[in-house]
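The structure under discussion appears below in the form of structure tokens.
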2 protein chains.
Amino acid sequence: MLKNGSQTSARGSAKRQPRSQRGPYAPGVQRRQELLEAVLRIVASHGVAAVTHRAVAAEAGAPLRATTYYFATKEAMIRDAFRFFAEQSILQIDEASGRYLDRDVGPEDAVALIFETVVKESRNPNTSWAAEFELVLAIAREPSFAPEYRAFQDRLDEGLQLAMRRIGSRHPARDARIVLAFLRGFELEQLSRPERKTWQRRMKADLAGLITALVAGSDPKP
Amino acid sequence: MLKNGSQTSARGSAKRQPRSQRGPYAPGVQRRQELLEAVLRIVASHGVAAVTHRAVAAEAGAPLRATTYYFATKEAMIRDAFRFFAEQSILQIDEASGRYLDRDVGPEDAVALIFETVVKESRNPNTSWAAEFELVLAIAREPSFAPEYRAFQDRLDEGLQLAMRRIGSRHPARDARIVLAFLRGFELEQLSRPERKTWQRRMKADLAGLITALVAGSDPKP
DNA sequence: ACGAAGTTGATACATTTGTATCATGTTGAA
DNA sequence: TTCAACATGATACAAATGTATCAACTTCGT
């Protein structure tokens, strides 16, 4: 599996910047990131267990030696990949939610915002749901993986609370938790139904119904 | 990891039933089930990737040979374990929901029912959430794992729809989907917070709020 | 008691994997 | 050009793993 003939380093003769000008994206850093992206792609498609030095190198089109060169150990490689995942996710959230910050929003806009922020962007293999679920399971077994993910989740929660508050929720914290749990659970179910192709419509409808219900009829203890 | 000195078959001299009386729980079947339970325990605690013949044998206190004797291949073993998982889950659902069938239920009872049915019972290592999530990810990559899980999910959905209908929901199908997704998502988050010990109270509260909101304020298209 | 079916013992072997080693190439600043 | 840092080549090796093999033991119906 994952046999990829292109072992021959596709960028063997890439021109380098002068060392003094090396910013955070100079080669080395770039190759490192290519490896991390390869790791995430493998995690999303075949699971953490399928992450091996050889598979990562093949997936990234990098020499095998690069994996042990850039990462002291396999666990470090996976850890850094998850960190990268969290960072990328936060960036995507901020970028997407920035497109909605200035508008006044009603429930429909909230649905669109949430959908674009949490759902659509996660089609990116770097931030896919499958990878996220793998990360969560990894955390359950190795709690030291938790911090980066926590930051990402806090950012998500914060954005959702803001959205809920703007559309008139009287329990923004609680409603944000509920909405986020719903989204995760819904997406998880989709993973178990690989044949479904038309889940987005239903998800939007259910999400709209959920949000409407939450902001409308909810004052148990005023 | 998982080193367990008790290789010596703990039931080497178990008395056997006459073969003619062997029902579905005769020895052989029993050992097989012990192996499947061992598989599920390993899946829940260390993931599918940690399922090896040797680890399963050690966990079950069975001889290594038993694993290759009862299962043609490792994949068959895992497949059967997941089948077993789904069957056990359905049994637990039916048993727990049976305790509520005769009563008239309001939202509070629905919360208690759902909590006992879906949440509490899943503390059993045979039917834990971690194992279920592993199963879902396995399905995402190997769709042939899906059927048994589908049956389990349908049973859950059916029960939830019934509960929602009984407490006055006007969109039982939709609300059942929402509640189920919420439960899954909430539990998934708990996995990423191994330090939390007091999530049950919050989950019950959020679940109650969600259900109340759903049955109260939801008639967008009557 | 006997024999066939069921179950276990003991061992082997090719693969895959993580990681180490030492030498070779490549780049950029001096 | 020259040198030191950066990066890759090529290969090695012990450990873990899936699975096969063949012999020995247990159990139970006859």
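Please read these numbers as outputs of a predicted model, since none were measured by experiment. Naming convention: chains lettered A, B, ... in sequence-line order (proteins, then strands); numbering from 1 in each chain.
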Rounding to an integer number of Å, can you tell me how far [X] [atom1] sits from [N] [atom2]?
X	N	atom1	atom2	result
A/Tyr70	D/dA5	OH	C1'	12 Å
B/Arg32	C/dG6	CZ	P	15 Å
B/Tyr69	D/dT19	OH	P	18 Å
A/Arg31	C/dT26	CZ	P	14 Å
B/Gln30	C/dT7	CD	P	11 Å

**OP:** State which residues pass ring pair (Phe, Tyr, Trp, His ring centres under 6.0 Å) with B/Tyr69; sequence neighbours excluded, sorted by chain then number.
**Re:**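 Ring pair (Phe, Tyr, Trp, His ring centres under 6.0 Å) check on B/Tyr69 returns nothing, list empty.
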
Subject >> Pairing residues for B/Phe145 by the ring pair (Phe, Tyr, Trp, His ring centres under 6.0 Å) criterion, not counting sequence neighbours >> reply: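 Only B/Phe82 meet the ring pair (Phe, Tyr, Trp, His ring centres under 6.0 Å) criterion with B/Phe145.
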
**OP:** Compute whether any side-chain donor of one residue and acceptor of the other, for A/Ser144 and A/Arg79, lie under 3.5 angstrom apart.
**Re:** yes

**OP:** Decide whether B/Gln88 and B/Gln92 meet the rule of one side-chain donor and one side-chain acceptor closer than 3.5 Å.
**Re:**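 Their side chains do not contain a donor-acceptor pair, so the 3.5 Å distance test is not met.
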
Expected rows: protein N/O vs nucleotides 19-22 of chain C N/O, under 3.5 Å:
residue, atom, partner, partner atom, Å
C/dT19, OP1, A/Thr73, OG1, 3.0
C/dT19, OP2, A/Thr73, OG1, 3.4
C/dT19, OP2, A/Lys74, N, 3.0
C/dT21, O4, A/Arg65, NE, 3.1
C/dC22, N4, A/Arg65, NH2, 3.4

Original post:
Which part of the nucleic acid does B/Val51 contact within heavy-atom distance under 4.0 Å: base, sugar-phosphate only, or nothing?
Top reply: sugar-phosphate

**OP:** Would you mind checking if B/Arg202 and B/Glu189 are paired as a salt bridge, meaning a charged N to carboxylate O distance below 4.0 Å?
**Re:**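 Judged by the 4.0 Å cut-off on N to carboxylate O distance, B/Glu189 and B/Arg202 do not form a salt bridge.
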
Original post:
Looking only at heavy atoms, which two atoms of B/Glu34 and B/Arg41 are closest? And how far apart?
Top reply: O-NH2, 4.3 Å

